[in-house]
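The model shown is predicted, which means the values in this text are computed figures rather than measured ones.
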Amino acid sequence: MEQELGIRFPADFREIVDAYGSVEINGQLYLEHPAPHPLRSLGESIKGDLEMWREEDMAEFLPAPAGAGPGELMPVASAMTGEWIFLRVPDEPSSPWRVVVQEFDSPAWTLHEMTFGDWLLAYLEGQDVTVCSRNLAPDGPFYEPLT
């Protein structure tokens with residue numbers, strides 16, 4: 001998938017999806033693995049999501065174009081509460097990847113100046129990183145494999 005898109009996902013993102021596969025976190029956040037799967041494939045999801053986010057009426061809701069080029073946004077996860085999670089492709093190879101969360105029911109988006117791993121940890125800790133788990137996981141974080 002990385003070869004087809006012409007990018008290499010950040011190491012922390014790859015480590016997380018390799019360790020957990022396609023999962024639903026806290027009954028809210030959907031994260032898919034890039035390996036081919038009969039029902040869930042991050043590669044197929046990204047292709048469809050890129051197509052959707054490139055449509056004129058959807059592109060206006062993002063701070064940058066959806067895509068794999070420098071400064072563009074790569075959709076990697078979604079939430080049942082309506083948010084979409086993007087990785088912002090760095091402008092320079094040595095620059096860090098960042099997380100952008102778009103609130104699907106509004107034109108609002110937030111750039112989080114942190115890596116995906118740091119963003120996910122903040123989410124799991126119940127911090128407000130645009131997607132918030134406090135009310136969905138009162139007994140602590142949990143996940144289930146997506147089948």
Side-chain angles (χ1 to χ4, degrees), residues 1-124 127-136 141 143-147:
M1 179 184 70
E2 290 177 322
Q3 197 170 36
E4 185 177 330
L5 293 170
I7 61 167
R8 181 146 172 88
F9 285 103
D12 64 333
F13 176 80
R14 283 186 280 117
E15 288 172 17
I16 291 165
V17 295
D18 284 345
Y20 294 96
S22 295
V23 294
E24 177 183 313
I25 304 169
N26 294 340
Q28 176 186 30
L29 187 65
Y30 301 98
L31 182 61
E32 296 178 3
H33 190 277
H37 181 277
L39 301 175
R40 306 270 182 200
S41 167
L42 180 61
E44 291 303 313
S45 292
I46 284 179
K47 287 178 201 172
D49 294 344
L50 282 172
E51 188 175 306
M52 179 190 77
W53 285 106
R54 287 176 174 154
E55 292 176 12
E56 188 175 335
D57 59 334
M58 296 302 291
E60 66 184 273
F61 293 107
L62 296 176
E72 294 183 333
L73 304 174
M74 182 64 58
V76 295
S78 62
M80 70 163 228
T81 47
E83 298 85 1
W84 284 76
I85 295 81
F86 296 84
L87 293 177
R88 184 183 179 282
V89 181
D91 293 319
E92 302 291 329
S94 61
S95 298
W97 289 71
R98 296 298 184 218
V99 176
V100 171
V101 179
Q102 196 284 331
E103 297 179 51
F104 197 67
D105 58 350
S106 76
W109 55 268
T110 305
L111 170 65
H112 295 277
E113 294 285 345
M114 56 181 65
T115 65
F116 182 79
D118 290 342
W119 179 88
L120 184 60
L121 180 60
Y123 164 79
L124 293 171
Q127 296 178 33
D128 186 359
V129 286
T130 314
V131 179
C132 189
S133 67
R134 279 190 298 269
N135 299 331
L136 296 171
Y143 72 95
E144 296 178 31
L146 290 172
T147 55

Criterion ring-ring contact (aromatic ring centres under 6.0 Å, His included) on Trp53 and Phe86, from CA distance to verdict: CA-CA 11 Å; Trp53 285 106; Phe86 296 84; 5.4 Å; yes
Worked check of side chain to side chain contact (heavy atoms under 4.5 Å, CB included) between Val17 and Phe9: CA-CA 11 Å; Val17 295; Phe9 285 103; over 6 Å; no
Trp97 vs Thr115, side chain to side chain contact (heavy atoms under 4.5 Å, CB included): CA-CA, chis, key distance, verdict: CA-CA 6 Å; Trp97 289 71; Thr115 65; over 6 Å; no
Full working for side chain to side chain contact (heavy atoms under 4.5 Å, CB included) between Glu24 and Leu29: CA-CA 6 Å; Glu24 177 183 313; Leu29 187 65; over 6 Å; no
Worked check of side-chain hydrogen bond (donor to acceptor under 3.5 Å, both in side chains) between Tyr123 and Gln28: CA-CA 11 Å; Tyr123 164 79; Gln28 176 186 30; 2.7 Å; yes
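Leu120 is not listed as a side-chain neighbour of Phe13, based on a closest heavy-atom distance of 4.5 Å or more. Taking 4.5 Å as the limit, every side-chain heavy atom of Trp84 sits out of range of all side-chain heavy atoms of Val101. For the pair Val99/Asp118, no side-chain contact is recorded, criterion being any heavy-atom separation below 4.5 Å from C-beta on. Two residues are said to be in side-chain contact when any heavy atoms from C-beta on lie closer than 4.5 Å; Val100 and Thr110 fail this criterion.
No side-chain donor-acceptor contact under 3.5 Å links Arg88 to the backbone of Arg98. Between the His112 side chain and the Val129 main chain, a donor and an acceptor come within less than 3.5 Å of each other. Asp12 places a side-chain N or O within 3.5 Å of a backbone atom of Phe116 that can act as its donor or acceptor partner.
For the residue pair Gly71 and Ala64, the shortest heavy atom distance occurs at O-CB, 3.3 Å. Here the closest non-hydrogen pair linking Leu73 and Pro75 is O-CD, 3.7 Å.
To the nearest 0.5 Å, atoms OG (Ser78) and CG (Leu31) are separated by 9.5 Å. Note that CE of Met58 and CG of Leu50 are 12.5 Å apart. Values are rounded to the nearest 0.5 Å. For the atom pair OH (Tyr143) and OG (Ser22), the distance works out to 12.5 Å, reported to the nearest 0.5 Å. The distance from atom CH2 of Trp109 to atom CG of Leu111, rounded to the nearest 0.5 Å, is 6.5 Å. Note that CE of Met74 and CD1 of Ile85 are 15.0 Å apart. Values are rounded to the nearest 0.5 Å.
Within 6.0 Å of the CD atom in Glu92, the count of heavy atoms belonging to other residues, nucleotides or ligands does not exceed 12. Taking a 6.0 Å sphere around CZ of Phe61, one finds it holds more than 12 heavy atoms contributed by other residues, nucleotides or ligands.
Counting only N and O atoms by type, the side chains of Thr81 and Glu83 include a donor and acceptor under 3.5 Å apart.
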